[in-house]
2 protein chains.
Amino acid sequence: MTDKGLTLIHNRPFLTNNAPAAMTRPPPPRKTARRTAPPEKRRRQLIEATIRCVAKSGFAETTIATVAREAALSQGIINLHFQSKERLLTETLRHLADEYRAACAEAVASAGTSAEAGLAAMVEVDFNRRICEKKKLAVWFAFWGERKFRPTYRKICAARDKSYDDLVRQLCTAMCEEGGYPDVDAAIVADGLSALTDGLWLDLLVRPDSMSRERARRISMAFLADAFPRHFRSQGGARRPTQRPARR
Amino acid sequence: MTDKGLTLIHNRPFLTNNAPAAMTRPPPPRKTARRTAPPEKRRRQLIEATIRCVAKSGFAETTIATVAREAALSQGIINLHFQSKERLLTETLRHLADEYRAACAEAVASAGTSAEAGLAAMVEVDFNRRICEKKKLAVWFAFWGERKFRPTYRKICAARDKSYDDLVRQLCTAMCEEGGYPDVDAAIVADGLSALTDGLWLDLLVRPDSMSRERARRISMAFLADAFPRHFRSQGGARRPTQRPARR
DNA sequence: ACGCAATGAATGAACGGCCGTTCAGTCGCG
DNA sequence: CGCGACTGAACGGCCGTTCATTCATTGCGT
């Protein structure tokens, strides 16, 4: 309001336009990153900027301004593509959840029909470089701190949890039945494995110097080896590989 | 800044004084319980109000006003007893951490010298009604979401973690040596147990209908039973109690 | 015993800053 | 040239902090 004409407007220091040539040609091969972009791309950019922001400085310091700056775009664009900050956050969470679910489903599917291979694949995914980035862990836990209080977060997280749990329970049940562990309570093992995974994620985030993805994997495999000793023992459990399984 | 003197200062529209009669009468018998209290008590009141607030509506909606209202006191009192909101939160976290550490230390001490009893006592404490209240879990996770980004939170949490880990590692090492498990890697079991506990806490908080303190305890004991089968088997592990431990 | 003054705990309106949202204005693009 | 993606200053509301003022309590003088 008042007179804006005086204030300096739209200084664009870099890359205003370098349109190559033919203006009559309808589709110029789009190489430049910045200008008007298809909405889907903008949304993705913003979601990724949000992840970087939350990972860098936490939920409390993640503002519209911060995210916009991180994305090298203007403040207003967030309300343009998402209607509110809240929705940006929701969509960010959904993005992570979808990514995780897809990775799990694919890993288990490509592991074949053996329950043993399936469980090993789950562990592999959980501590995979792609899924288990520190950046993303930070965002997961930021949301987990609030999920109890925001119905939308709760719904998204609950759906992710359920699909994970169903998968693991199914694998453990199969393991018990086909692997010959009639005396093992599959649900107890399955719930233990998911809790263990969450706990290891937490360690990876907050104590990166005493916990690594390798070590987390090893701890998880040890858990499986102790629960299903005839199947996972070879892959390095809590039992040291240098000694025999020590029936004593 | 500038001159504040000009801005209107302290207009108190209501209740300036409605002293009905005797202005010489000093104490009309106050019915309300609260007036002046020893500072230590006030601090405790405020910390407890903070816990209730965070547990009820989360970190994001916990404001000075909310906490003060919850404590049935005025806004200003928080900055009187703690110098800032930040310090109130810090002290709240420290309160929880101290309480937890004390409970652990006491439990292990009174469990005697046996490593087996010590580990069982740790599990008992972790899912004890006192420590593992839903209210407090909510606060723990609210802080955990931010601990990576606030040095003070990090220090407090790291100290708590360290004392917990030291205890568990020590017990697991003793278990391996004295219990006759030379082929078990104590550090792997110990790290697994702490991660498992954290994960179970998370489940208790966000999925109270599919996880109970009893069940969490059972899963933890199953973990120990699988790691140290000759010691914990009797207390209900993943193996169903209705069948014999199945030594094929 | 008995006020009276001094003390400092407690209050809550006001302030200033920050942040999400809006929207009039600016270009890029076809 | 017109459409619509994009910008960013301005706005309004909220929240942490401050501080002038109130009042319960305590100690002292008489």
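The sequence lines fix the lettering, A, B, ..., with proteins before strands; numbering per chain opens at 1.
- Looking at heavy atoms from C-beta onward, B/D126 lies in side-chain contact with B/Y164 at the 4.5 angstrom threshold.
- When distances are taken from the side chain of B/S84 to each of D/dC15, C/dG20, D/dT17, the shortest belongs to D/dT17.
- Ranking C/dT21, C/dT11, D/dT18 by closeness to the B/N79 side chain, first place goes to D/dT18.
- Counting non-hydrogen atoms of neighbouring residues, nucleotides and ligands closer than 6.0 angstrom, the CD atom of A/E99 exceeds 12 such neighbours.
- Where B/H81 and A/E86 meet DNA chain C, the nucleotide closest to each residue was compared, and B/H81 sits on the side nearer the 5' end.
- For the pair B/R87 CZ and D/dG16 C1', the computed distance is 14 Å after rounding to whole Å.
- Nucleotide D/dC23 holds its P atom 16 Å from the CD1 atom of B/I77, rounded to whole Å.
- Separating the CZ atom of B/F82 from the P atom of D/dT18 is a distance of 16 Å, rounded to the nearest angstrom.
- With sequence neighbours excluded, the residues forming a ring pair (Phe, Tyr, Trp, His ring centres under 6.0 Å) with A/F59 are A/F143, listed by chain and number.
- When each of D/dT17, C/dT21, C/dT11 is scored by its nearest atom to the side-chain atoms of B/I64, the top-ranked nucleotide is D/dT17.
- Phosphate proximity of C/dA10 to B/R42: present, with a side-chain N or O under 4.0 Å from OP1 or OP2.
- Atom CD of A/Q75 is separated from atom C1' of D/dC11 by 12 Å (rounded to the nearest Å).
- Regarding B/I78, its CD1 atom lies at a distance of 13 Å from the P atom of C/dG12, rounded to whole Å.
- At whole-Å resolution of the value, CG in B/L46 and P in D/dG16 are 14 Å apart.
- If you take CG of B/L80 and P of D/dT17, they are 13 Å apart, rounded to a whole angstrom.
- Between A/E214 and A/R218 there is no salt bridge, since no side-chain N of the basic residue sits under 4.0 Å from a carboxylate O of the acidic one.
- A/R69 places its CZ atom 12 Å from the P atom of C/dC18, with the value rounded to the nearest Å.
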